[in-house]
Amino acid sequence: MQRFVSSSSSSSPVISSAKNLCGRILNNYQIQTPIKRPCDVFINHRGTDTKRTIAGLLYDHLFRLRMNPFLDSKNMKPGDRLFDKIDTAIKHCKVGVAVFSPRYCESYFCLHELALIMESGKKVIPVFYDVKPSQLHVKDDGTCSTMELQRFTRALEEAKYTVGLTFDSLNGDWSEFLTTATDAVIKNLIEEEQERGNEGQSLCFVQDY
């Protein structure tokens, strides 16, 4: 049984055209700066695959709705300690979005972040971008210990069996995907707030999309 939701449509844009469109949209919002409070949404992704497309667009969309997403290329600056900054963001986030791409599992950092999100008991929304869950596997390339491999595999398997979204960059509707993903994030944030009994800082976002 498949455990994910498809957000593709019948339109067929060429990949290069889609990436060019994404780049133009993101460039229009480069002057924005992250909100100075603990992040609401941590976007786990492989930067070389997705930061200029699906992950970058999702960050921008959530930011404009006054949610506080975390994307390493947007929230980090030269001099920041990589693990300290990322681990702290994950610790304080309410929801994680894991964007799985074809080469996601080649990144130690992606798997480390995913494992930390899962171990922290955060709500996670998997996004399968040009890849099927069955194609994702942790590979032993000799750089990780047995304990790390087990940790990463456990986190990946848990994420693969969590209901999420799929997106096909060739045939998918970008606008539809952003709306669907944003709805999913908002619903999970609301559920998280309700489970916390409305303690601590309340959410602040504008649903104007």
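Sequence positions, counted from 1, serve as the residue numbers for this chain.
Asp40 places no side-chain N or O within donor-acceptor distance of the main-chain N or O of Val95, the cut-off being under 3.5 Å.
Annotation for Thr162 and Val124: closest pair CG2-O, 3.6 Å, computed over non-hydrogen atoms. Heavy-atom minimum distance, Val127 versus Val97: CG2-CG1, 3.9 Å. Nearest heavy-atom pair, Leu178 versus His61, reported as atom, atom and distance to 0.1 Å: O-CD2, 3.9 Å. The two residues Gly56 and Leu71 make their nearest non-hydrogen contact at CA-CD2, 4.1 Å. Shortest non-hydrogen contact noted between Tyr108 and Cys144 is CD1-SG, 3.7 Å. When every heavy atom of Ser169 is checked against every heavy atom of Asp130, the shortest pair comes out as OG-OD2, 2.6 Å.
Sequence neighbours left out, not one pair with a member in residues 130-151 passes ring-ring contact (aromatic ring centres under 6.0 Å, His included). Among residue pairs with one or both ends in residues 118-129, those qualifying as salt bridge (Lys or Arg N to Asp or Glu O under 4.0 Å) are Glu119-Arg151, Lys123-Glu191, Lys123-Glu195; sequence neighbours excluded.
In this view, Ala89 and Cys39, Phe42, Phe70 satisfy the side chain to side chain contact (heavy atoms under 4.5 Å, CB included) rule, not counting sequence neighbours. Evaluation of the side chain to side chain donor-acceptor pair (under 3.5 Å) rule for Ser101 yields Asp49 as partners, not counting sequence neighbours. Under the side chain to side chain donor-acceptor pair (under 3.5 Å) criterion, Arg103 pairs with Glu106, sequence neighbours left out. The side chain to side chain contact (heavy atoms under 4.5 Å, CB included) search around Ala181 returns Leu58, Leu165, Phe177, not counting sequence neighbours. Residues passing the side chain to side chain donor-acceptor pair (under 3.5 Å) test with Glu157, sequence neighbours excluded: Lys160. Not a single salt bridge (Lys or Arg N to Asp or Glu O under 4.0 Å) links Glu148 to another residue, sequence neighbours left out. For Glu158, the side chain to side chain contact (heavy atoms under 4.5 Å, CB included) partners at least two apart in sequence or on another chain are Met118. Applying the side chain to side chain donor-acceptor pair (under 3.5 Å) criterion to Asp141, with sequence neighbours excluded, gives Thr143.
Results of the side chain to side chain contact (heavy atoms under 4.5 Å, CB included) test with Thr153 over Asp140, Leu111, Val138 single out Val138 as the only residue that passes. Of the residues Trp174, Phe128, Phe100, the one that meets the ring pair (Phe, Tyr, Trp, His ring centres under 6.0 Å) test with Phe167 is Trp174.
Between Leu189 and Glu193 there is no side-chain heavy-atom pair separated by less than 4.5 Å. The closest side-chain heavy-atom distance from Leu62 to Thr182 is below 4.5 Å. Contact annotation: the side chain of Tyr104 approaches that of Leu114 to within less than 4.5 Å [non-hydrogen atoms, C-beta and beyond]. Contact check for Gln150 versus Thr146: side-chain heavy atoms found under the 4.5 Å cut-off.
The distance from the CZ atom of Phe152 to the CD atom of Glu113 is 10.5 Å, given to the nearest 0.5 Å. Atom CE of Met67 sits about 4.0 Å away from atom CD1 of Ile186, to the nearest 0.5 Å. Rounded to the nearest 0.5 angstrom, Tyr129 OH and Asp168 CG are separated by 9.0 Å.
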Run the numbers on His45 and Asp72 for side-chain contact (heavy atoms from CB on, under 4.5 Å), then give the verdict. CA-CA 9 Å; His45 70 300; Asp72 54 6; 3.3 Å; yes
Could you give me the CA-CA distance, side-chain angles and deciding distance for Gln194 and Ile190, then say whether side-chain contact (heavy atoms from CB on, under 4.5 Å) is met? CA-CA 6 Å; Gln194 291 174 339; Ile190 291 174; 3.8 Å; yes
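Taking the charged nitrogens against the carboxylate oxygens, Arg64 and Asp60 do have a contact shorter than 4.0 Å, which makes a salt bridge.
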